[in-house]
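Inspection log for the structure reproduced underneath, given as structure tokens.
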Amino acid sequence: MNLSIYNTFTKRKEEFKPIQEGEVKMYVCGVTVYDLCHIGHARAAIVFDVIYRYLRYLGYKVTYVRNFTDVDDKIIKRAHEEGVSPEEIAERYIREFYKDMNPLNIEPPTCEPKATMHIAEMIDMIKKLIEKGYAYQSDGDVFFSVRSFSEYGGLSGKNTDELIAGARIEINEKKNDPLDFALWKASKSGEPWWESPWGKGRPGWHIECSAMGQKYLGQSFDIHGGGKDLIFPHHENEIAQSCAATGNPPVRYWVHNGFVNINKEKMSKSLGNFFTIRDMVKRFNPEVIRFFLLSSHYRSPIDFSDQNLNEARINLDRFYDLFLFYDMVAKENPTLPPLTKGKDEEILEGGSDDELMQRFEEAMNDDFNTAQVIGHLNSELHHLNSKRGGEVRDEFLREITTLKNIGGVLGLFGQDPVEYFEKEKSIGIASLGISEEEVLRLIDEREKARREKRWSDADRIRNELSLKGIILEDTPRGTKWKIKG
RNA sequence: GGCGGCAUAGCCAAGUGGCAAGGCAGCGGUCUGCAAAACCGUUAUUCACCGGUUCAAAUCCGGUUGCCGCCUCCA
């Protein structure tokens with residue numbers, strides 16, 4: 001079975017055929033850098049990160065471009081509020097972006113262009129649009145004439161007459177038609193500006209993606225992604241501009257991820273119901289957030305709540321518990337190779353459980369169904385756990401390696417199991433009102449009691465810890481502790 | 001008002017024409033000093049509701065209800 005992708009433009013799944021055989025060119029709208037990223041941004045980044053990884057897994061040479069919008073009203077506003085330059089705001093939040101995204105195991109795209117570094121390309125494109133009669137100048141601004149582009153509305157399913165009826169369009173005297181949108185804005189005082197044939201000004205929002213996409217990926221490229229909220233007007237306008245300028249449809253497959261919701265409502269800055277990545281990472285291992293976000297299909301909405309994240313955490317723990325088990329066995333048996341070899345994108349040798357790989361590919365080929373993949377991984381986990389009692393040999397090794405390899409394509413299972421659980425404990429214990437030293441002391445005390453078969457003393461300590469939210473596990477290799485689920 | 005999406009067990013979530021994946025929680029058992037973990041077994045005659053097409057529908061068509069998104073910046 002071949003890869004098929006749901007295309008927002010045609011509203012159906014289509015078999016994926018790249019323009020150039022063996023190569024994929026993909027552009028994804030990044031963030032506007034004026035504030036910290038929230039979980040919604042994390043979802044978009046993770047979804048396209050997985051798509052990027054999987055396309056490469058399939059053997060494509062992928063050029064992945066993800067931009068930063070570093071010139072924009074909100075950046076300017078923020079700069080004024082803080083009394084610093086817009087560049088400083090943009091630079092700061094680009095740094096913060098990486099601080100948040102790196103722990104989520106997002107791979108760097110091939111190229112991360114900034115809008116302000118491509119003003120010349122945007123001006124060229126705007127000039128071309130004016131020459132061709134698709135755009136006009138008006139008092140230092142330049143607008144795209146929506147009605148001059150007859151295919152307008154193809155992506156979002158809107159038609160121009162209905163848009164006017166919507167009546168939520170801002171009245172702008174400079175526009176010939178309320179539907180028209182800005183390609184270039186004359187700068188007011190205190191705003192950043194660049195010289196242009198129309199005077200000092202700055203670019204409109206939509207033109208940057210058209211210009212940068214074309215520069216790095218060509219007039220027509222394979223995949224363009226972003227959040228569902230970008231379908232209209234951003235991507236609709238992008239199509240209009242690019243198509244009008246070059247005569248070619250810019251994109252073959254439009255891919256849009258669903259929102260992260262809070263109580264069924266979209267998480268967003270304007271509603272104020274957002275959680276920053278930074279705050280969540282204090283309470284959950286970043287991999288738990290990643291695992292959780294991949295446990296639903298990328299186009300579905302996903303409800304973000306403590307309970308849901310905690311369930312994801314418990315499930316992910318089970319995988320790491322298996323890896324921990326293997327590592328311990330491997331340590332005692334030098335003929336077994338270590339599972340953790342390095343970066344998670346490396347495909348480990350010996351991972352060739354064909355049936356599991358086949359199920360993995362089937363699920364991913366069906367519009368990147370990571371939820372189903374996680375289901376398969378759970379079945380395999382179950383299967384491997386059932387063999388824990390027996391001898392760990394070739395077959396076990398082959399299967400667990402396959403499990404790890406598949407996880408790697410999703411950007412999961414890359415941590416050292418010991419560190420994973422240490423991290424989980426250090427995150428969890430902060431809210432429990434007991435120190436790690438105290439826990440270890442009590443475990444020691446209980447060990448002593450157990451050796452002397454003073455069972456009621458041992459049980460009393462265990463209960464005490466349980467009330468604090470700590471669970472004990474007695475294993476042949478000593479007593480482990482963890483945070484209650 | 002226009003356009004679009006969703007509704008599957010207590011909760012989360014796959015499945016889009018051929019006997020309803022998986023996770024969490026629950027229950028019974030194995031193991032254990034007792035637990036925990038792990039394992040084995042079990043938990044939806046049914047997929048919001050009504051009608052239709054079909055040998056066959058959670059899946060297709062029509063309608064109803066409810067929730068959500070876009071139409072303004074937004075991943």
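Convention: sequence-line order gives letters A, B, ...; per-chain numbering from 1. It should be emphasised that the depicted structure is a prediction, and the values quoted were computed from it without experimental measurement.
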Paired to A57(B) by Watson-Crick or G-U wobble criteria (both distances under 3.5 Å) is none
* Would you say N385(A) reaches C39(B)'s phosphate, i.e. side-chain N/O to OP1/OP2 under 4.0 Å? -> yes
Applying the 3.5 Å cut-off to both distances, the Watson-Crick or G-U partner of G4(B) turns out to be C68(B)
Please work out if S156(A) contacts a base, only the sugar-phosphate, or nothing of the nucleic acid, heavy-atom cut-off 4.0 Å. sugar-phosphate
Residue pair L381(A)/N263(A) against RNA chain B: nearer the 5' end by closest nucleotide is L381(A)
Check: Checking all strands, does L230(A) fall into the base, sugar-phosphate, or nothing category for heavy-atom contacts under 4.0 angstrom?
Finding: sugar-phosphate
From CG of L179(A) across to P of U72(B) the rounded distance in Å is 10 Å
In terms of heavy-atom contacts, does NZ of K188(A) have more than 12 from other residues, nucleotides or ligands at under 6.0 Å? no
Checking N1-N3 plus N6-O4 or O6-N4 for Watson-Crick, or N1-O2 and O6-N3 for wobble, each under 3.5 Å, the partner of A44(B) is none
Fill in: Under 4.0 angstrom between R318(A) side-chain N/O and C24(B) OP1 or OP2
yes
Re G33(B): Watson-Crick or G-U wobble partner, both distances kept under 3.5 Å, found to be none
- Centroid-to-centroid, H206(A) to F181(A), below 6.0 Å? yes
In Watson-Crick or G-U wobble terms, with both distances under 3.5 Å, the base opposite A20(B) is none
Any N310(A) side-chain nitrogen or oxygen under 4.0 Å from OP1 or OP2 of C24(B)
no
Margin query: Tell me if the aromatic rings of Y93(A) and Y34(A) count as close, with their centers under 6.0 Å from one another.
Written below: no
Scanning both residues in full, the closest heavy-atom pair of E191(A) with A186(A) reads OE1-O, 4.4 Å
(Q) Considering every strand and a 4.0 Å limit on heavy-atom distances, what is the contact class for N257(A): base, sugar-phosphate, or nothing? (A) base
Item to check | H382(A) vs C40(B): side-chain N/O to OP1/OP2 distance below 4.0 Å | outcome: yes
For atom P, what is the distance between U46(B) and G10(B), given to the nearest Å? 12 Å
Note: for N159(A) and K228(A) on RNA chain B, the residue whose nearest nucleotide lies more 5' is N159(A)
Problem set entry | side-chain N/O K266(A) vs C70(B) OP1/OP2, d < 4.0 Å | yes
Here the distance between atom P of A13(B) and atom CG of L294(A), to the nearest Å, is 14 Å
Using Watson-Crick geometry (N1-N3 plus N6-O4 or O6-N4) or G-U wobble (N1-O2, O6-N3), each under 3.5 Å, C49(B) is paired with G63(B)
Determine whether the aromatic ring centres of H38(A) and F275(A) lie less than 6.0 Å apart.
-> no
message: Is there a side-chain contact between T479(A) and the phosphate of A35(B), meaning an N or O under 4.0 Å from OP1 or OP2?
response: no
